[in-house]
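Here is the naming used below: chain letters follow the sequence lines, and residue numbers restart at 1 for every chain.
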Protein chains: 2
Amino acid sequence: MGVDPRFMRTFVTVARLESFSAAARELGYTQSGVSQHVAALEADLGMTLLRRRPVAPTEAGARLLEHASAILLRLDAARAEVVRTASGPPGRAHVGATPLSAGAAARALAAARRTLPAVETIVRVGERDAIAVAVATGELDAGIVDGIAAPGDPLRLPDTGLPVAEFVEEPLAIALPPGHPLVKRRSGLRLEDLVDARWIEAPGVTTSLATLAMHARAEGFRPALRYDGLDVGGLLALVEVGEGLALLPARVVEHGVALASPALVHRTELLAPEGTALRLAD
Amino acid sequence: MGVDPRFMRTFVTVARLESFSAAARELGYTQSGVSQHVAALEADLGMTLLRRRPVAPTEAGARLLEHASAILLRLDAARAEVVRTASGPPGRAHVGATPLSAGAAARALAAARRTLPAVETIVRVGERDAIAVAVATGELDAGIVDGIAAPGDPLRLPDTGLPVAEFVEEPLAIALPPGHPLVKRRSGLRLEDLVDARWIEAPGVTTSLATLAMHARAEGFRPALRYDGLDVGGLLALVEVGEGLALLPARVVEHGVALASPALVHRTELLAPEGTALRLAD
DNA sequence: GATGATTACGGACGCCGTAAGCATA
DNA sequence: TATGCTTACGGCGTCCGTAATCATC
């Protein structure tokens with residue numbers, strides 16, 4: 001009846017590794033134990049969740065998987081937040097940042113240095129959701145992430161219950177190669193006008209084209225090229241040689257055209273438990 | 001180490017009822033069992049979660065509470081969604097609707113009647129989050145809810161993993177008493193211009209003033225009057241006699257002024273598991 | 001036949017009720 | 001003193017490992 005969350009943990013591991021025995025190794029159980037975990041889940045729900053040999057989720061198992069990882073994440077977040085209340089003054093400041101917010105992270109740390117004692121400090125640059133998860137689970141003490149959103153709207157992050165401590169919104173611009181006819185055009189461009197343009201998919205740096213399409217409420221936005229780097233310079237270089245366009249905060253775009261005003265903004269959020277010493281304000 | 005989710009369930013119940021024995025009665029345990037549940041949680045997390053006599057959450061307990069209800073909801077939603085995959089063709093159509101979307105619900109049902117067999121049908125009108133939760137946990141088969149949002153943005157609902165099957169967006173208007181100087185003004189009004197107006201807080205019908213303030217990115221919006229009804233007519237009547245203003249879909253507003261265009265829209269969403277026969281389209 | 005999942009079984013642990021103890025209003 | 005939470009203890013169910021069985025590539 002109660003369904004131990006560890007069973008779900010083994011279930012998602014088995015599904016990910018597509019193997020009972022591999023999951024057993026990873027989790028420190030025996031092959032038999034893993035089998036029993038899955039069997040218990042299946043008995044509790046009254047249906048088979050995995051097809052065996054090859055191991056693959058059934059229809060029901062696939063549905064459970066979507067929920068299971070979210071639940072496990074939130075469980076970890078809950079534990080982390082509770083134990084955080086017990087810890088005294090911070091002896092460390094491990095901060096995560098997305099590439100476009102690394103500058104903001106640096107300034108925030110510098111400002112905090114004035115009041116903070118000399119604690120061990122680490123800055124880690126990574127993908128947005130990964131940073132949010134790391135902060136929620138207590139692996140990091142604060143995170144600064146960015147993305148595009150409607151004005152006033154929080155970023156769409158994995159559901160961890162983590163509060164947005166602060167945020168800053170900036171105008172967006174479409175980065176273009178220098179000399180492009182649209183550069184420095186008087187009036188701003190609407191995103192919908194550029195569905196058929198050659199876009200660069202750079203999920204590590206800026207919003208993926210899929211979410212961009214959702215905000216523009218338009219189909220299309222097919223990637224001409226994919227950039228897997230975690231830095232803005234590389235992406236801008238690709239734009240400059242004409243490989244494609246990218247939507248970025250106007251601040252970092254040298255050659256480009258502003259986005260028609262209030263539809264979308266670039267948003268930088270500070271994710272941290274209450275009482276953080278960091279400030280985004282400039 | 002594993003923490004049975006039932007422990008969290010008892011924990012939130014104890015916190016809600018502020019009593020171990022009352023929680024025991026409600027959950028069908030003995031007083032001793034409840035005590036042991038809480039003790040197990042406290043032991044697992046290594047800190048006390050509740051102060052006794054009077055029963056009140058500690059700092060750590062309060063943090064846990066925020067997560068616990070979300071986790072329990074998602075657990076119920078996961079179970080409901082998995083068992084739904086097993087159920088064959090629907091033998092019933094229990095549909096929930098918020099007051100402002102009851103009309104849309106009626107039309108959707110009428111349209112579905114053409115293809116659907118004569119199944120038992122119930123329409124329940126209720127508060128927005130309650131309907132979302134009921135659909136997620138399988139209590140209802142579909143829900144139609146409404147609220148205000150930025151164009152293209154989904155409504156902010158409790159995190160259940162439930163997909164938005166369909167949605168419709170409409171312009172908003174500020175309902176005014178007839179003869180009000182602003183009625184039928186040429187240009188639309190911005191929300192920020194009306195922070196100091198007399199607003200009616202009607203959480204059962206339209207968005208609460210708190211979320212309204214968040215979208216307008218402005219403080220203020222203090223309620224002049226609170227309306228606890230679940231119907232639009234009563235709210236409009238209050239507006240008409242000059243008790244205050246309300247933000248509503250333009251469709252239902254007879255005397256009023258349109259909202260300056262693209263900032264906010266009224267959004268109606270169909271919440272249902274995949275494969276629903278309902279359609280919002282008109 | 002080898003790899004890998006399931007079933008059988010036993011020890012240990014954990015859940016929960018009964019009943020006694022203890023603290024606070 | 002009474003109400004209400006905690007602790008002691010015992011039965012039963014559950015978890016998980018070892019080992020044997022079964023199935024699939």
Side-chain angles (χ1 to χ4, degrees), chain A residues 1-62 64-65 68 71-72 75 78-79, chain B residues 1-62 64-65 68 71-72 75 78-79:
Chain A
M1 215 52 148
V3 190
D4 193 319
R6 281 177 296 177
F7 292 179
M8 285 205 313
R9 198 182 150 75
T10 41
F11 170 63
V12 305
T13 309
V14 169
R16 175 168 48 86
L17 301 175
E18 297 179 339
S19 157
F20 282 59
S21 28
R25 278 192 297 277
E26 179 168 316
L27 298 172
Y29 292 114
T30 61
Q31 180 180 110
S32 160
V34 168
S35 183
Q36 292 173 63
H37 279 201
V38 175
L41 260 185
E42 292 182 326
D44 178 66
L45 295 169
M47 56 189 59
T48 84
L49 298 170
L50 291 170
R51 255 183 286 278
R52 272 76 164 183
R53 300 189 81 122
V55 172
T58 63
E59 173 67 23
L64 181 59
L65 273 178
I71 291 169
L72 292 170
L75 277 169
R79 175 177 297 268
Chain B
M1 216 50 151
V3 192
D4 194 320
R6 282 175 294 175
F7 292 179
M8 285 203 314
R9 197 181 151 74
T10 46
F11 170 64
V12 305
T13 309
V14 168
R16 175 166 50 83
L17 301 176
E18 296 179 342
S19 159
F20 282 58
S21 27
R25 278 192 298 277
E26 178 167 318
L27 298 172
Y29 291 117
T30 62
Q31 182 180 111
S32 160
V34 169
S35 182
Q36 290 173 66
H37 279 201
V38 175
L41 260 185
E42 292 182 326
D44 179 65
L45 295 168
M47 55 190 60
T48 84
L49 298 170
L50 291 170
R51 257 184 285 279
R52 273 76 164 183
R53 301 191 79 130
V55 171
T58 63
E59 173 68 22
L64 181 58
L65 272 178
I71 292 169
L72 293 171
L75 277 168
R79 174 177 298 268

### Query
Could you give the CG-to-C1' distance, from B:Asp44 to C:dC15, as a whole number of Å?
15 Å

### Task
Answer with yes or no whether the side chains of B:Gln31 and B:Ser35 bring together a donor and an acceptor at under 3.5 Å.
no

### Message
For C:dC16 and B:His37 - does any side-chain N or O of the residue sit under 4.0 Å from the phosphate oxygens OP1/OP2?
### Response
yes

### Query
Rounded to the nearest 0.5 Å, how far does CG of A:Leu75 lie from CZ of A:Arg9?
10.5 Å

### Query
So how far is it from B:Glu42 CD to B:Phe11 CZ, rounded to the nearest 0.5 Å?
8.0 Å

### B:Leu41: which of B:Thr48, B:Asp4, B:Leu49 passes side-chain contact (heavy atoms from CB on, under 4.5 Å)
B:Leu49

### Donor-acceptor contact present, side-chain A:Thr10 to main-chain A:Val34, <3.5 Å
no

### Query
Okay, side chain of A:Thr13, backbone of A:Ala23: is any donor-acceptor separation there less than 3.5 Å?
no

### Message
Counting C-beta onward and ignoring hydrogens, is there a side-chain heavy-atom pair between B:Phe20 and B:Leu50 closer than 4.5 Å?
### Response
yes

### Summary
Assign each of A:Gly33 and A:Pro54 the nucleotide of DNA chain D bearing its closest heavy atom; nearer the 5' end lies the nucleotide of A:Gly33

### Task
Please work out which of the three classes, parallel, tilted or perpendicular, describes the rings of A:Tyr29 and A:His37, given edges at 30° and 60°.
perpendicular

### Message
At 10 degrees resolution, what angle do the end axes of the helix from C:dG1-D:dC25 to C:dA25-D:dT1 form when each is taken over five base pairs?
### Response
40°

### Task
Mind calculating the distance between CG (A:Asp4) and C1' (D:dC15) to the nearest angstrom?
9 Å

### Summary
Contact string for nucleotides 2-12 of chain C, one letter per nucleotide 5' to 3', B = base within protein heavy-atom range under 4.0 Å, S = sugar-phosphate only, - = neither, reads -BBBBBB----

### Task
Please determine if a side-chain N or O atom of B:Arg6 lies less than 4.0 Å away from the OP1 or OP2 oxygen of C:dC16.
yes

